[in-house]
Protein chains: 2
Amino acid sequence: MEKFTIKDIAKLGEVSTATVSNFLNGNYAKMSATTRERLANIISKTDYHPSTTARNLAKNENKTIGISVADITNPFTSPVISGLSERCEKYGYKMVFTNSNNDERREVENINRLREEEVAGLIIDPVNPDSSIYNQLSNAYTVIVDRQARRNVVDTIVTDNMNSVDTMVKKMVAKGYDDLYFVSWPLDGVSTRLNRYAGFKLATNYLNDDHLITVPYNTSLNKSSDFDQTLENILANKGDKKIGFFTMNSRTLLQLLKSAQRLNYNYAEDFGVATYEEFEWMQLMNPGISCVRQDSFAIGCAAMDLLKEKLETQYDNEPEPQVKLIPTDLIVRDSF
Amino acid sequence: MEKFTIKDIAKLGEVSTATVSNFLNGNYAKMSATTRERLANIISKTDYHPSTTARNLAKNENKTIGISVADITNPFTSPVISGLSERCEKYGYKMVFTNSNNDERREVENINRLREEEVAGLIIDPVNPDSSIYNQLSNAYTVIVDRQARRNVVDTIVTDNMNSVDTMVKKMVAKGYDDLYFVSWPLDGVSTRLNRYAGFKLATNYLNDDHLITVPYNTSLNKSSDFDQTLENILANKGDKKIGFFTMNSRTLLQLLKSAQRLNYNYAEDFGVATYEEFEWMQLMNPGISCVRQDSFAIGCAAMDLLKEKLETQYDNEPEPQVKLIPTDLIVRDSF
DNA sequence: CTGTTAGCGCATTCAC
DNA sequence: GTGAATGCGCTAACAG
């Protein structure tokens, strides 16, 4: 938006462009104190600032990372971006940002565009972590966040699903619940669900899947469903037993809550409940709902930390992909 | 991340770099069909892609816009970004993104950094719209979103506060409410609040401020407050009158709801209520809460539309700053 | 139709 | 301590 170049200020300072360049890069050893001061003056007066484009070209480096998020609108991705942005600033990277709006095709376009921009690295919040497109990405300059592939080919940072469920459900066990149930969308080999369920089994020591309740992915909240039936079966026959549920996310929690409402059961009173994911309304409800709050900010930070580290080391061959687990916060309220 | 340059593929194609450049830019008229095909082949085989940096330098243009958001974590900014990203893609811009985390100092840094990147334009979701720092920005290449300054110096896109409140409150009036109250944080000259209140007065025809209830900015939701008192005064003495409240945002709504709960009044039953802002829990509550849903996505779109238009026209002197209002959706549920 | 050439703004030897 | 020269990868005349 300006017009001054390094030449202009070289002329004004009556020095060569090289000296100016040195000044700009802090190589003050290579000039007299007087020219240094003169340059400082001129530059501040002209509000000249070097062209990053030109500099990138000359140095053949580009301190920017490309970001592709599946869905900016998802409440869990904002904190991730916040963490990324924090670290980018800290490390002197700028971030160019793309949103795929849950569209795999668009994600591919975004990633390709990002690569053409010659970004130094890539951070991807994948639409479908099991897609094959990530195979083309080198693990040397990319990291995946938030969603874990069944077989991951690049480093990924995700919330510690298994352990958080384990410790939360252990708290329920400790309160003397006789029967605990895990309410989930169909497992379908999705790693998030599998890992959360694994945590549940770990805490409860259930050996088979008798305590796994599955609800279809897209059931209406406001119509009675099969789930009403199984809930009624459990609750009507519970006798003196304490019954508890752990729901794998907020949607299944709502499913449970709505069903219970239809059947005239109250949570906390007639049964205990805790859930993965935190939303504001869980705190507003009365009694408040215990939940696992994932630390998305930390995921963003860790992702950029990892990426920076990878970018700074020279690999003779691609590093083995790892997955790093980020611990969660357990929010215990009065729902169990 | 690659190594092929235009020279390499020129050599491979046994043509000059100029021809390759023409090919890349779609100037197929300037070459024979055979060389065109040959080039296409070679390029696809080598997975060569031109350096955007070099291209930007050569063309002295930079199809990127800089974005500075006050707080990525605010649920209303995600849709704005979504809209921006939509339009950026459409118009062929890429976006470099910064987050200020509600810190004015950081915002200044971000904006300066963005300008140094030689972005073509700037879109700013301001931390404090009344800050003086926006005075330094030319209206020729920047637009502000979401928050309106008292005296705005650059084009601004905001939600249509006044008209949405007006039409929502008119719906309450139509339902025969005898007394309507506007619950708000102290007006304090903040344009958002002023405009919403103006809409309220427009709908109710109240001439003075007797129906404005002010609650301090930072009162705890869970302790009884002065507000409890004034609410009790109104509700205890209402007689046969229908009483309604319009709250200026979700926080003041919660204030109202919690106070009512403490005083054993029920909304919808003992009084009517509607609010600015929509959150998921308003839909979950029973009865659902009527609210004004601002179309943040549209704000993002409009902002980028405007910016693009400005970028493409040559101004002899800076254009007069305008403010554009984005209409909202009125969600009527059962709370009044 | 194709090649030559001169920049774009800056960084970096290598002389002086 | 300083400056001229060269190149980063590409574009845009201008010749041929």
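Values reported hereafter were calculated over all heavy atoms of this structure, with side chains retained and with hydrogens, waters and symmetry mates removed.
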Report task. Mind calculating the distance between CG (A:N22) and C1' (D:dG3) to the nearest angstrom? Result -> 11 Å
Query raised in the report: Looking at A:Y28, does any N or O in its side chain come under 4.0 Å of the phosphate oxygens OP1/OP2 on D:dT2?
Result: no
Report task. Compare the minimum distances between each of D:dG3, D:dG9, C:dG9 and the side chain of A:V15, then state the nucleotide with the smallest one. Result -> D:dG3
Query raised in the report: Is the side chain of A:R38 donor-acceptor paired with the backbone N or O of A:G13 at a distance under 3.5 Å, no angle test?
Result: yes
Requested in this report: Output yes when at least one side-chain N/O atom of A:T19 is less than 4.0 Å from OP1 or OP2 of D:dG3, else no.
Outcome: yes
Report task. Tell me which of B:M31 and A:V20 sits closer to the 5' end of DNA chain C, going by the nucleotide each one is nearest to. Result -> B:M31
Query raised in the report: Whole Å only: how far is the CG atom of B:L57 from the C1' atom of C:dC10?
Result: 8 Å
Report task. Name the nucleic acid region contacted by A:T35, choosing base, sugar-phosphate or nothing; use a 4.0 angstrom heavy-atom cut-off, strictly under. Result -> sugar-phosphate
**Report entry** Rounded interatomic separation in angstrom, taking NZ from A:K7 and P from C:dC8
**Finding:** 5 Å
Report task. Count the heavy atoms of every other residue, nucleotide or ligand shown that sit under 6.0 Å from CD of B:E37, and state whether that count exceeds 12. Result -> no
Query raised in the report: Taking everything shown except B:K324 itself, do over 12 heavy atoms lie less than 6.0 Å from its NZ?
Result: no
**Report entry** Presence of A:S32 side-chain N/O under 4.0 Å of D:dT2 phosphate oxygens OP1/OP2
**Finding:** yes
Query raised in the report: In whole Å, what is the span from the CG atom of B:N62 to the P atom of C:dC10?
Result: 14 Å
Query - Out of D:dC8, C:dC8, D:dG3, whichever nucleotide has its closest atom nearest the side chain of A:A18 - result: D:dG3
Requested in this report: Go through D:dA13, D:dC10, C:dG9 for me and flag the one nearest to the B:I6 side chain.
Outcome: D:dC10
**Report entry** 5'-most by nearest nucleotide on DNA chain D - A:E14 or B:A54
**Finding:** A:E14
Query raised in the report: Does B:N56 make a side-chain N or O approach to OP1 or OP2 of C:dC8 shorter than 4.0 Å?
Result: no
Query raised in the report: Rounding to a whole Å, what distance do you find between B:F23:CZ and C:dC1:P?
Result: 15 Å
Query - Distance test, side-chain N/O of A:S21 to OP1/OP2 of C:dT12, below 4.0 Å - result: no
Query raised in the report: Do any side-chain nitrogens or oxygens of B:T17 fall under 4.0 Å of OP1 or OP2 in C:dG3?
Result: no
Query raised in the report: Starting at CZ of B:R55 and ending at P of D:dC8, how long is that distance when rounded to a whole Å?
Result: 18 Å
Requested in this report: Spell out, as yes or no, whether a donor-acceptor pair under 3.5 Å connects the side chain of B:T46 to the backbone of B:I42.
Outcome: yes
Query raised in the report: Is the backbone of A:E109 close enough, under 3.5 Å, to the side chain of A:N112 for a donor and an acceptor to pair up by distance?
Result: no
**Report entry** Rounded distance in Å - CG (A:L39) to P (C:dC10)
**Finding:** 13 Å
**Report entry** Candidate nucleotides C:dA11, D:dG3, D:dT11, ranked by approach to the side chain of B:K59 - the nearest
**Finding:** D:dT11
Query raised in the report: Which part of the nucleic acid, if any, lies within reach of B:A29 when heavy atoms closer than 4.0 Å are counted: base, sugar-phosphate only, or nothing?
Result: sugar-phosphate
Requested in this report: Compute the ring centroids of A:F97 and B:F97, then answer whether they are less than 6.0 Å apart.
Outcome: yes
Query - Nearest-angstrom distance from the residue atom NE2 of A:H49 to C1' of C:dG9 - result: 13 Å
